[in-house]
Visitor: 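Quick one: the structure is below, questions incoming.
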Amino acid sequence: MTLRLGSRILANTVVWGYALVILGPTLWVLSNAFKFKIDIITGATISPFTWINFHELLFSRQSDFLTNLLNSAVIGIASTAIVIVVATMAAFTLTCLNVRPWVRWALLGWALLFHMLPTLTFVGSWYLMFSSVGLHGTYFAVIMTHAVHNLPMALFLMMSFVGALPRELIQAARMDGCSYGQVFWRIAFPLVRGGMIAATALTFIFSWSDFAISLTLTSRDTMTVPVAIATFAQEYDIRYGEMAAGTLLSIVPALLLILLGQNFIVRGLLAGAVK
Amino acid sequence: MISNEPSYKERRNKRWIAISLLPAVALFIVLTAFPVVNLLALSFFHVEWREATSAFSFVGLDNYHRLFSTEKVFWDGVRNTAFFAVTAVSCQMVLGFSMALAVRTAGSYGRAMLTGIFLLPIVVPPIVIGTMWRLIMGREFGLANMLLRLLGLGPVDWLGNPDIALASVIFVDIWHWTPFVFLLMLAGLESLDGEVIEAARMDTRSRCQQIRHVVLPMMMPTIIVTLLFRVILSFKVFDEVYLLTSGGPGTATEVVNFSIYRTFFRQDQVGYGSAMSIVTLFAITVVIILARGLAQRRAAQRSTVS
Amino acid sequence: MADVTIQGFQKFYGSVEVIPPLDLEIRTGEFVVLVGPSGSGKSTLLRMIAGLEKIDAGTVSIDGEDITGRDPGDRDMAMVFQSYALYPHMTVAENMTFALRMRGTGDAVIRERLTEALRMLSLEGYENRKPAQLSGGQRQRVAMGRAIVRQPRVFLFDEPLSNLDAKLRARTRLELRELHDRLGATSIFVTHDQIEAMTMADRIVLLDHGRIQQIGSPREIYEEPRNRFVASFIGSPEINLLEGSLHVDGDTIIFNGLTLPGRKAEMPTGGEYTLGIRPEAFDVSAEPLAGTAPLAIRAVEYTGSDVFVFGTIDAGPLTVKLPAEGHSLRDGIGAGTIIHVRPRAEGWHLFDRSGQRVVKT
């Protein structure tokens with residue numbers, strides 16, 4: 001009994017210790033958002049509270065951060081919408097219908113491969129492609145590349161949700177006279193709505209977090225939040241307070257996701273690993 | 001008797017299959033397959049930018065020749081990336097699996113909150129993690145050196161010292177991804193057949209025996225898949241390195257992706273950068289195919305035994 | 001009205017032939033049960049008829065009309081699935097009327113048929129519930145209702161009772177058969193449960209490895225099994241099968257030292273055979289009589305209505321059901337005691353080396 005209690009305490013110490021290692025630095029950095037620059041530099045632990053950094057970040061003339069937030073939102077929402085529609089339809093067809101084996105194999109194999117290959121090997125080519133047709137720096141370029149970048153994960157995730165539908169349900173609908181399209185709209189779609197919400201949330205987070213694509217394909221007008229934060233960090237005179245404030249604002253979607261739906265995140269991240 | 005003509009419905013079904021797959025296929029072809037072809041073509045050219053227009057001159061295999069003979073930075077990057085992947089992932093695996101075992105066998109308090117905290121590094125933008133650690137590891141005002149000062153130790157140049165910089169980057173990656181491994185391992189442990197574990201508890205004399213002879217073999221597929229997955233994804237590393245060190249000092253933290261980025265976007269050597277990309281794509285594809293083969297062979301062995 | 005004719009059905013998974021060429025004729029209004037062990041192809045066969053599985057070769061027609069290539073929804077067949085396959089997001093009424101709505105049937109007709117089916121299945125008052133709010137038995141009835149409202153030419157059942165508990169299953173079996181008799185529609189019913197097959201079928205089609213082993217009424221199948229497989233698949237406890245050699249000397253038939261009463265036509269004169277005797281086809285006595293063999297008892301099972309004795313005679317191991325008049329014996333017997341058994345004259349079968357029954361009664 002004492003041994004059990006002992007190992008229980010040890011286990012909790014280890015795991016909560018790690019949790020502290022995650023939270024501690026994060027909170028330290030984020031706390032800078034509410035400090036004056038002088039307190040940040042001197043490393044004062046107790047310091048007066050201020051909103052000045054947020055005010056500077058969002059409303060100062062020199063700052064584009066509000067635009068960056070808007071850009072991230074527009075790109076995130078648009079690319080997620082495309083990804084979810086495309087992935088859900090393809091997932092249904094690949095999972096429930098008789099697709100020629102080689103089509104299935106090629107599509108899924110390529111999706112898996114692309115999912116694992118470094119994004120950086122593609123951005124150079126994307127840059128050239130979009131530049132040559134005059135689309136570099138447009139929303140369109142970023143939205144479409146974000147969409148294709150997140151498509152494999154969404155596809156695998158939606159396939160796991162659609163695959164969980166009983167096969168007999170699809171067959172029953174076929175017996176009841178549904179064509180493939182009708183099976184999708186009337187049976188599969190209403191039943192995987194929960195899965196679509198999960199995939200939507202994850203896809204949006206990934207689009208919102210993306211750095212490599214946005215760094216190379218956005219212009220000043222379409223720059224997203226991560227690129228803006230990176231710019232902050234690389235300035236010669238780092239504005240720590242505003243940077244922390246920007247960081248804090250940029251993790252809001254992630255925090256919402258954790259609060260609202262932590263259960264499906266692991267599943268989503270595992271998509272591709274289990275295939 | 002004449003066999004049935006394909007009915008109206010059958011044609012409609014065929015059309016549905018085509019329509020539902022078309023967008024995905026189109027996206028993949030235009031934005032992934034075509035770029036690879038494009039890269040391959042460009043890798044045989046030297047591209048020069050003159051007054052916002054580009055001039056192409058065919059150079060055959062010159063770019064590849066240069067990559068395999070005189071290039072140094074890229075190969076430093078390859079070595080660093082491989083070292084980075086192996087070290088970081090092994091630490092993540094050991095740490096993550098141990099913590100998962102501890103939680104699984106001993107139980108823990110506040111499961112939901114714990115999961116929430118562990119998810120934080122995974123869903124936060126990687127650039128934020130880079131920013132965070134750049135601040136923490138800052139030479140003057142970083143948290144790390146502040147804490148050291150409290151202990152009376154001198155400031156360490158975490159990111160500027162060529163001997164330490166790679167270790168620092170690896171540390172950040174471990175910090176970043178151990179929670180992910182932990183959560184996967186925990187999910188794996190919890191999906192093991194409870195009755196088999198109970199039987200093992202009846203049959204073994206210590207928890208060590210139980211883990212060594214029952215839990216570990218049963219977890220092997222999950223471990224291997226997670227390991228391979230993490231190693232392959234480690235080759236994607238870019239965001240944190242970009243922010244923490246930009247590959248420096250010197251080539252101390254150079255990684256493959258950063259070499260490609262620099263060649264393309266800072267040195268404007270499009271043809272040469274394409275050759276780099278093609279070599280990287282090819283090498284990683286081979287690794288992925290080998291890894292999948294390995295994982296599938298393990299799975300096959302397992303299924304024949306059970 | 002609704003004859004179903006299957007000609008040369010074939011199905012391959014890759015290069016594996018799961019259904020070898022198969023012909024089957026089902027008559028209007030008939031209740032046919034496809035039965036066989038798992039992997040026998042019975043479900044595949046049903047799904048091929050339904051149009052849910054691709055037919056690699058052969059044709060299926062209803063009343064002479066070829067429907068082989070037709071969409072599952074255009075065959076005028078309704079199916080009740082093992083898992084019931086109720087649409088979880090629809091109410092009972094929506095589930096039951098879905099197929100009619102897909103066909104654009106008029107509202108008045110839909111309402112009339114729904115009311116009728118709900119009444120028939122005692123589901124009145126449940127029409128606005130979702131499947132999740134129903135018991136297993138109720139879900140099963142909704143699944144039946146979904147088929148009934150369509151008034152199809154053919155009903156297909158894919159083990160629809162296997163998810164019910166034993167008591168409910170026995171009751172539903174009876175109700176389903178009554179329903180069939182009332183509606184008079186052709187029914188094809190798949191099960192692995194021989195009791196379901198025996199109790200419900202007009203004709204049983206016994207399948208193994210995609211091949212039809214025997215087609216016949218439950219009585220024919222039980223009493224005149226065409227081969228070893230049929231004999232051992234139907235009947236519980238299983239039929240006794242003894243390997244050995246046969247000697248026929250005039251009117252006396254000896255199998256491994258066991259005397260078999262009754263002379264059958266076309267009797268072979270000797271050789272290696274398998275003897276099949278059902279457990280209930282024995283006379284039993286406490287004392288040795290003419291033609292009896294001593295049975296050394298290993299175990300006795302008392303099930304309430306029946307007593308089964310497991311033991312060994314010289315010819316091999318044997319399961320014997322004590323006949324009603326032998327019940328007086330039951331208090332005196334147990335493991336280690338001996339009783340005397342004798343096969344009844346019409347209760348035995350001989351199978352040759354290939355498993356075919358050789359003696360016709």
Side-chain angles (χ1 to χ4, degrees), chain A residues 7-8 11-12 14-15 18-19 22-23 25-26 28-29 41 43 86 89-90 92-93 97 99 107 110 113-114 116-122 124-126 128-129 144-145 147-148 151 179-181 205 209 211-212 216 226 229-230 233 243 247 250-251 254 257-258 262 265-266 269-270 273-274, chain B residues 9 12-13 16-17 20-21 23-25 27-28 31-32 35 38-39 99 102-103 106-109 114-117 119-128 131-132 134-136 141 143 146 180 183-184 187 225 229 232 235-236 238-239 243 257 260-261 264-265 273 277 280-281 284-285 288:
Chain A
S7 63
R8 204 184 165 89
N12 275 287
V14 170
V15 181
Y18 199 94
I22 296 173
L23 268 188
T26 314
W28 181 79
V29 170
I41 290 176
V86 172
M89 293 206 321
F92 168 74
T93 299
L97 306 180
V99 180
L107 191 55
W110 180 253
L113 190 64
F114 175 64
M116 295 190 156
L117 291 172
T119 317
L120 256 295
T121 49
F122 288 88
S125 196
W126 285 335
L128 295 171
M129 280 169 62
M144 291 320 280
T145 42
V148 78
L151 182 57
S179 69
Y180 288 173
I205 286 284
S209 303
F211 175 65
T216 50
I229 291 176
M243 188 166 141
T247 307
S250 78
I251 67 171
L257 179 69
I258 289 175
Q262 55 169 252
I265 305 179
V266 177
L269 293 167
L270 190 60
V274 290
Chain B
K9 211 164 184 174
R12 224 169 58 164
N13 285 342
W16 168 265
I17 289 184
S20 61
L21 293 182
V25 172
L27 270 179
F28 278 138
L31 288 176
T32 67
N38 191 24
L39 283 176
M99 286 198 292
V103 169
S108 73
Y109 306 103
L114 194 67
T115 314
I117 294 173
L119 281 173
L120 196 63
I122 307 173
V123 291
V124 152
I127 206 72
V128 164
T131 310
M132 260 180 60
R134 188 181 162 108
L135 293 181
I136 292 167
F141 318 116
L143 179 64
M146 277 186 202
F180 175 73
L183 292 172
L184 286 196
V225 166
F229 188 61
I232 291 168
F235 283 89
K236 281 185 143 184
F238 175 72
D239 303 11
L243 212 62
N257 290 328
I260 295 174
Y261 171 74
F264 253 105
F265 292 98
S277 300
T280 309
L281 282 176
I284 295 180
T285 304
I288 290 171

Visitor: Against chain B, label Leu117(A) side chain, backbone, both or neither, depending on which of its atoms sit under 4.5 Å from a heavy atom there.
Guide: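 Both parts, heavy atoms under 4.5 Å.
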
Visitor: Which residues pass the side-chain hydrogen bond (donor to acceptor under 3.5 Å, both in side chains) test with Ser125(A), sequence neighbours left out?
Guide: Asn38(B)

Visitor: Which one of Ile229(A), Thr247(A), Val99(A), Leu151(A) has the most heavy-atom pairs closer than 4.5 Å to chain B?
Guide: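 Most heavy-atom pairs within the cutoff with chain B belong to Leu151(A).
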
Visitor: Could you label the plane-to-plane angle of the Phe180(B) and Phe229(B) rings as parallel, tilted or perpendicular, counting under 30° as parallel and over 60° as perpendicular?
Guide: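 If you compare the ring of Phe180(B) with that of Phe229(B), the planes turn out tilted.
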
Visitor: Side chain, backbone, both or neither: which part of Ile260(B) has an atom under 4.5 Å from a heavy atom of chain A?
Guide: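 For Ile260(B), side-chain heavy atoms alone lie under 4.5 Å from chain A.
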
Visitor: At a heavy-atom separation under 4.5 Å, does Leu120(A) approach chain B through its side chain, its backbone, both, or neither?
Guide: both

Visitor: Which atoms of Ile22(A) are under 4.5 Å from chain B, going by heavy atoms: the side chain, the backbone, both sets, or neither?
Guide: both

Visitor: With chain B as the partner, which of Val14(A), Thr119(A), Leu97(A), Leu113(A) has the greatest number of non-hydrogen pairs under 4.5 Å?
Guide: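 The answer is Leu113(A).
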
Visitor: I'd like to know if the side chain of Asp239(B) and the backbone of Ile127(B) have a donor-acceptor N/O pair within less than 3.5 Å.
Guide: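 No, because the side chain of Asp239(B) does not come within donor-acceptor range (under 3.5 Å) of the backbone of Ile127(B).
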
Visitor: Using non-hydrogen atoms and a 4.5 Å limit, figure out which bit of Leu281(B) sits close to chain A: side chain, backbone, both or neither.
Guide: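 Both backbone and side chain.
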
Visitor: Sequence neighbours left out, what passes side-chain hydrogen bond (donor to acceptor under 3.5 Å, both in side chains) with Trp110(A)? Give chain and number order.
Guide: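 Per chain and number, Trp110(A) pairs via side-chain hydrogen bond (donor to acceptor under 3.5 Å, both in side chains) with Thr32(B).
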
Visitor: Please state whether the side chain, the backbone, both or neither of Met243(A) comes within less than 4.5 Å of a heavy atom of chain B.
Guide: side chain

Visitor: Please report the C-alpha distance between Ile136(B) and Val29(A) in whole Å, then the side-chain angles of each, then the deciding distance to 0.1 Å, and finally whether the side-chain contact (heavy atoms from CB on, under 4.5 Å) criterion is met.
Guide: CA-CA 8 Å; Ile136(B) 292 167; Val29(A) 170; 4.0 Å; yes

Visitor: If you count heavy-atom pairs under 4.5 Å between each of Val25(B), Thr280(B), Val124(B) and chain A, which one has the most?
Guide: Val124(B)

Visitor: Going through the distances and angles, do Phe114(A) and Phe122(A) end up as a ring-ring contact (aromatic ring centres under 6.0 Å, His included)?
Guide: CA-CA 10 Å; Phe114(A) 175 64; Phe122(A) 288 88; 5.0 Å; yes

Visitor: Heavy-atom pairs under 4.5 Å with chain B - which of Leu23(A), Val86(A), Val148(A) has more of them than the others?
Guide: Val148(A)

Visitor: How long is the straight-line distance from CD1 of Ile17(B) back to CZ of Phe92(A), given to the nearest 0.5 Å?
Guide: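 Here the interatomic distance stands at 9.5 Å.
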
Visitor: What option among Leu39(B), Ile284(B), Ile232(B) has the most heavy-atom pairs under 4.5 Å with chain A?
Guide: Leu39(B)

Visitor: Is chain A contacted by the side chain of Tyr261(B), its backbone, both, or neither, given a heavy-atom distance below 4.5 Å?
Guide: both

Visitor: Checking heavy atoms, do the side chain of Phe28(B), its backbone, both or neither come under 4.5 Å from chain A?
Guide: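 Contact with chain A is through both the backbone and side chain of Phe28(B).
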
Visitor: When you measure from the side chain of Trp126(A) to the backbone of Leu31(B), do you find a donor-acceptor pair of N or O atoms at a distance under 3.5 Å?
Guide: yes

